[in-house]
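What follows is one structure encoded as structure tokens, with my remarks underneath.
As the structure lists them, so they are numbered: ligands from 1, and atoms in each ligand from 1. This chain uses plain numbering: 1 for the first residue, then up along the sequence.
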Amino acid sequence: MPSNVVIVGVQWGDEGKGKVVDTLAGRFNIVARYQGGANAGHTVLVGEKKYVLQLLPTGIIRPDKTAVLGNGVVIDPEALQQEIRKMEDSGASVAGRLMVSDRAHLILPYHREHEVAAENARGDGKIGTTRKGIGPSYEDKAGRRGLRTSDLRDPARFREMCKELVSEKNRIDAALYSAPPLDAEDLTEKYLRLAEGMLPYLTDVSAYLNAEMDRGKRVLFEGAQGTLLDLDHGTYPFVTCSSAAAGGACTGTGVGPTRIHAVVGVSKAYTTRVGSGPFPTEALGAAGEEIRKRGGEYGAVTGRPRRCGWFDVPLARYSARVNHLSAVIITKLDILDTLAEIPVGVEYEFKGKRFKNFPAEVETLEQLKVHYRTVPGWQKDTFGAHEASQLPQRARDYLSFLADQVGVKIAMVSTGPERDQCVWLDESVVCP
Ligand code: GDP
Ligand code: IMO
Ligand code: MG
């Protein structure tokens, strides 16, 4: 019985995970984010209302669900406070329904400043980060000098720790980037003020989730970013700094692997990427522009135009393996409605050798040639379709082709941004 399910991005993020989690959340009791922070942008439309969730789990939109931020998430208390306020202004009450791990690491102002300075210093080699302080916060976590949410429980100790850390950061940033110093006292006071709003949510999330699972409650794990942005499995160094792939759901919440019953990947019917880094099936020119325009492919957090391209089979197969996907959900099928032909990248070639695996080296990914299979488009409207019979035969053929090539069944197809704009092909993977 697939009670506890991970939703993970198959590509480079923005696959429509927010829409999918919102659609599926009705069948679960708890929605838990396990990694990332306010770098995520999950856009969800519910009737007239549009939500852009950055840090809060998408489950917060549904009044009868509990939303959890696991220990693997990095938390900017200011961003959290603003998002809670925004949510409450839109009529959703958060109190009593949000749990924040007392082991999650904090993002402090010096993380954001350090990231901006480091990105600027990289010049053309920049990663194109969201500048939310995500990377530097995870660096401090791994460097064993991070501050955690639970440190806010003891103001005197927090003050002491801040003083030391800010002094160290000031010295580093002055030496490396000639950055002006931060005032430790101001920073501490600000964070202790913000703590008042956050302390009531702090919980031992692992204890909470495991106890709820013992009572038969179902948990949906909401991944942010995507597998190719995962720190270990992504296109390093053009990645985010967390474990976005499904394995992160365990380390990022304190739930053991055997308690997770299924992993569902979310993939667009094509591919996009924001920021720098290799993108083998990128469609430059008019074709890419057409997808960007029809798909509204602009970052929800930064407003940056997303790079657009074709579905990449070797990438999706790699993602299916790394996550051991039980099924995949294909989103934004409707965006391809107008195309007469749709190229699908099916194989790579490098130095005269053809292969289907996803190479580790960024240089290889940048230089390889992609072999495409071009399939006929359906050139009919699929927007809002909610039954398989409403999909044109060629659209169904396209989906079958993707499923065959990737070797994973398709559970659902999304045909629009709204909750009910989807076609279920196989519900077994998310049904109790
Ligand atoms: P996420 O970060 O994975 O949650 O994805 P984003 O929210 O950043 O980007 C997906 C965008 O596509 C959002 O604006 C969604 O409202 C929209 N969207 C999701 N699924 C569909 C779909 O099937 N069709 C269309 N037309 N839009 C969709
Ligand atoms: P959602 O959850 C797409 C990208 C950034 C940059 C790289 C590192 O909406 O799918 P970071 O600020 O995380 O250090 O930036 O990762 N990136 C995303 N791209 N969707 C996201 O989240 C992303 N979060 C980070 O553009 O290339
Ligand atoms: Mg997004």
Side-chain angles (χ1 to χ4, degrees), residues 7-23 33 35-46 50-55 57-58 73-74 76 107 111-112 114-116 118-119 126-139 222-231 234-242 244 265-279 291 294-307 329-337 381-386 412-423:
I7 296 295
V8 65
V10 167
Q11 301 156 316
W12 281 288
D14 300 327
E15 297 93 344
K17 300 175 294 293
K19 182 246 155 103
V20 166
V21 168
D22 178 59
T23 300
R33 273 273 308 263
Q35 44 68 238
N39 51 347
H42 300 173
T43 303
V44 179
L45 294 187
V46 185
K50 176 175 164 175
Y51 301 89
V52 181
L53 297 135
Q54 291 188 235
L55 187 52
T58 297
V73 176
V74 280
D76 178 339
I107 293 180
H111 291 135
R112 284 191 300 267
H114 182 88
E115 180 177 344
V116 172
E119 276 283 270
K126 70 177 193 299
I127 308 287
T129 68
T130 57
R131 304 191 164 210
K132 303 280 180 187
I134 306 290
S137 172
Y138 281 115
E139 279 178 47
E222 176 181 5
Q225 290 80 52
T227 303
L228 274 299
L229 286 172
D230 180 282
L231 180 60
T235 46
Y236 190 89
F238 298 99
V239 292
T240 190
C241 290
S242 65
V266 182
S267 167
K268 277 176 179 153
Y270 47 96
T271 310
T272 63
R273 160 160 221 172
V274 207
S276 323
F279 183 171
I291 299 177
R294 280 188 53 80
E297 296 295 355
Y298 295 88
V301 176
T302 57
R304 291 179 290 177
R306 293 175 183 153
R307 297 158 65 193
I329 288 175
I330 301 286
T331 60
K332 302 191 97 163
L333 184 75
D334 53 295
I335 302 307
L336 303 182
D337 283 353
D381 191 10
T382 65
F383 184 77
H386 48 84
M412 186 185 106
V413 182
S414 172
T415 56
E418 302 240 16
R419 233 174 232 180
D420 58 349
Q421 291 176 318
C422 58
V423 177

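Here atom 17 (N) of ligand 2 lies nearest to Leu229 when heavy atoms of Leu229, Val239, Thr240 are compared. Across Glu222, Arg273, Gln225, heavy-atom proximity to atom 21 (C) of ligand 2 is greatest for Gln225. Looking at Ile127, Val52, Asn39, Thr129 and measuring to atom 14 (O) of ligand 2, the nearest heavy atom belongs to Thr129.
Put simply, the side chain of Val8 does not reach to within 4.5 Å of the side chain of Val266, judged on heavy atoms.
Heavy-atom proximity to Gly275, at under 4.0 Å, picks out these atoms of ligand 2: 27 (O). Listed by number with element, the atoms of ligand 2 under 4.0 angstrom from any heavy atom of Lys17 are 1 (P), 2 (O), 10 (O). Close approach of ligand 2 to Thr130 (heavy-atom distance below 4.0 Å) involves ligand atoms 11 (P), 12 (O), 15 (O). Interface of Asp14 with ligand 2, defined as ligand atoms under 4.0 Å from a residue heavy atom, comprises 1 (P), 3 (C), 9 (O), 10 (O), 20 (N). Every atom of ligand 2 is numbered from 1 in the order shown, and the set under 4.0 Å from a heavy atom of Ala224 is 2 (O).
Looking only at distances, a side-chain donor or acceptor of Arg304 sits under 3.5 Å from a matching main-chain atom of Gly128. Not one N or O on the side chain of Lys132 forms a donor-acceptor pair closer than 3.5 Å with the backbone of Gly37. In this structure a side-chain-to-backbone donor-acceptor pair under 3.5 Å is present from Lys19 to Gln421.
Closest heavy-atom contact between Ala244 and Ala224: CB-O, 3.6 Å. In terms of heavy atoms, Phe383 sits closest to Pro417 at CE1-CD, 3.7 Å.
Counting only heavy atoms of the protein, atom 26 (O) of ligand 2 lies nearest to Arg304 NH2, 2.9 Å. Among all non-hydrogen protein atoms, the one lying nearest atom 5 (C) of ligand 2 is Gly128 O, 3.5 Å. Counting protein heavy atoms only, atom 27 (O) of ligand 2 is closest to Val274 O, 3.1 Å.
Remark: Tyr270 engages Glu297 in a side-chain hydrogen bond (donor to acceptor under 3.5 Å, both in side chains) (not counting sequence neighbours).
Under the 3.5 Å distance criterion, with hydrogens and angles disregarded, a donor-acceptor pair is assigned to the side chains of Ser267 and Gln11. Judged by distance alone, the side chains of Asp334 and Thr415 never bring a donor and an acceptor atom under 3.5 Å apart.
When each of Ile291, Thr331, Ile330 is paired with Lys268, the side chain to side chain contact (heavy atoms under 4.5 Å, CB included) condition holds for Thr331 and for no other. Screening Gln54, Glu222, Arg33 for a side chain to side chain donor-acceptor pair (under 3.5 Å) with His42, the sole residue that qualifies is Glu222.
A heavy-atom cutoff of 4.0 Å around ligand 1 is satisfied by the protein residues Asp14, Glu15, Gly16, Lys17, Gly18, Lys19, Gly41, His42, Thr43, Arg306, Lys332, Asp334, Ile335, Ser414, Thr415, Gly416, Pro417.
Not a single heavy atom of Arg306 sits less than 4.0 Å from an atom of ligand 2. Taking a 4.0 Å cut-off on heavy atoms, His42 registers as neighbouring ligand 2.
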- Item | Pair Gln35-Val73, side chain to side chain contact (heavy atoms under 4.5 Å, CB included): steps then yes or no | CA-CA 4 Å; Gln35 44 68 238; Val73 176; 5.5 Å; no
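Remark: at the Mg ion (ligand 3), atom OD1 from Asp14 and atom O from Gly41 enclose 160°, rounded to the nearest 10 degrees.
Comment: Asp76 engages Arg112 in a salt bridge, judged by a side-chain N to carboxylate O separation of less than 4.0 angstrom.
By the criterion of a heavy-atom distance under 4.0 Å, the backbone of Trp12, and not its side chain, is placed next to ligand 2.
Between Phe279 and Trp12, the distance separating the two ring centers is shorter than 6.0 angstrom.
Ligand 2 has an N or O atom lying under 3.5 Å from an N or O atom of Gly41, backbone or side chain.
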